[in-house]
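One structure is given below, encoded as structure tokens.
Order of listing sets the numbers, starting from 1, for every ligand and every atom in it. Given the structure is predicted, the values throughout are model-derived calculations rather than measurements.
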Amino acid sequence: MIQVLDKSFEEFITRDEIDRKIQSLGKTLNETYAGKEVVFLAVLNGAFMFASDLMKQVDLSCEISFVKMSSYQGTKTTGKVEELIGLNTDIRNKHVIIIEDIVDTGHTIDKILSLLDGKDAASVSVCTLLYKPDAFTGESKPEFVGFSIPNAFVVGYGLDYDEKGRNLDAIYQIREAN
Ligand code: IMP
């Protein structure tokens, strides 16, 4: 059991299980995208660790760009505006794979997909380490999933609780009696 700020967590997915899963995800991507030009878009902050380990298992002709969703107050009529920052590579005619740490409600991924619409990518898909099917209300399910997990809060391996816990090398689940 570990403590992050005021909450306690239990080990849920070990470093070893993560390693093995990433090897198999890498193999799947290598087979699916063989011979294609690929651009990985790693979504910050949470996906940095997963992206780094996944990239090492990939032997494709590929680039990586680190992107972030940012929101700001637009005009009165546009309200809150969300945009994708950090996309510094041309994705025209390339196969885009979005790398996420977790897909929860699916809101973030839907937003990113709609912001990439019209940029003429050859294809766009989502590779996420974790997926919470019971929380998902989005439009398109992630194509490549490491682990489908119950709808309970997790930290570690890039994922945070109030910005803490990203450095943990395994994934920990919140304890019920918190
Ligand atoms: P969405 O609900 O799919 O849009 O996910 C939004 C974001 O919430 C994710 O990218 C994560 O940063 C965060 N998130 C969702 N579930 C968890 C969790 O269990 N632990 C830590 N962060 C989470």
**OP:** Inspect the contact between Lys27 and Glu31 and indicate whether a charged nitrogen and a carboxylate oxygen are less than 4.0 angstrom apart.
**Re:** yes
Subject >> Those atoms of ligand 1 less than 4.0 Å from some heavy atom in His107 >> reply: 3 (O), 4 (O)
**OP:** Find out whether Leu129 and Asp101 are in side-chain contact, i.e. whether some heavy atom of one side chain is under 4.5 Å from a heavy atom of the other.
**Re:** no
Original post:
For Gly106, is the nearest heavy atom under 4.0 Å from an atom of ligand 1?
Top reply: yes
**OP:** Enumerate the atoms of ligand 1 whose separation from the nearest heavy atom of Lys132 is less than 4.0 angstrom.
**Re:** 16 (N), 17 (C), 18 (C), 19 (O)
**OP:** Can you establish whether the number of heavy atoms outside Gln73 located under 6.0 Å from its atom CD is more than 12?
**Re:** yes
**OP:** State whether Arg92 and Asp120 are salt-bridged, where the test is any N-O pair (Lys NZ or Arg NE/NH1/NH2 against Asp/Glu carboxylate O) under 4.0 Å.
**Re:** no
Original post:
So is Asp160 close enough to ligand 1, meaning a heavy atom under 4.0 angstrom away?
Top reply: yes
Subject >> Test item: protein heavy atom less than 4.0 Å from atom 8 (O) of ligand 1 >> reply: no
Original post:
Nearest to atom 20 (N) of ligand 1, what protein heavy atom do you find, and at what distance?
Top reply: Val154 O, 2.6 Å
Subject >> Min side-chain heavy-atom separation Pro150-Gln173 under 4.5 Å >> reply: yes
Subject >> Taking atom 13 (C) of ligand 1 as the reference point, the nearest protein heavy atom with its distance >> reply: Ile102 CG2, 4.3 Å
Original post:
Counting only N and O atoms by type, is there a donor-acceptor contact under 3.5 Å from the side chain of Lys21 to the main-chain atoms of Gly146?
Top reply: yes
Original post:
How close does the nearest protein non-hydrogen atom get to atom 2 (O) of ligand 1, and which residue and atom is it?
Top reply: Thr105 OG1, 2.5 Å
Original post:
Is any side-chain heavy atom of Val96 closer than 4.5 Å to a side-chain heavy atom of Ile98?
Top reply: yes
Original post:
If you measure from each heavy atom of Leu159 to ligand 1, is any distance below 4.0 Å?
Top reply: yes
**OP:** For Phe12, enumerate each residue passing the ring-ring contact (aromatic ring centres under 6.0 Å, His included) test, keeping only those at least two apart in sequence or located in another chain.
**Re:** none
Original post:
Got the closest protein heavy atom to atom 12 (O) of ligand 1, with its distance?
Top reply: Asp101 OD2, 4.4 Å
Original post:
By number and element, which atoms of ligand 1 are closer than 4.0 Å to a non-hydrogen atom of Thr108?
Top reply: 1 (P), 4 (O), 5 (O), 6 (C)
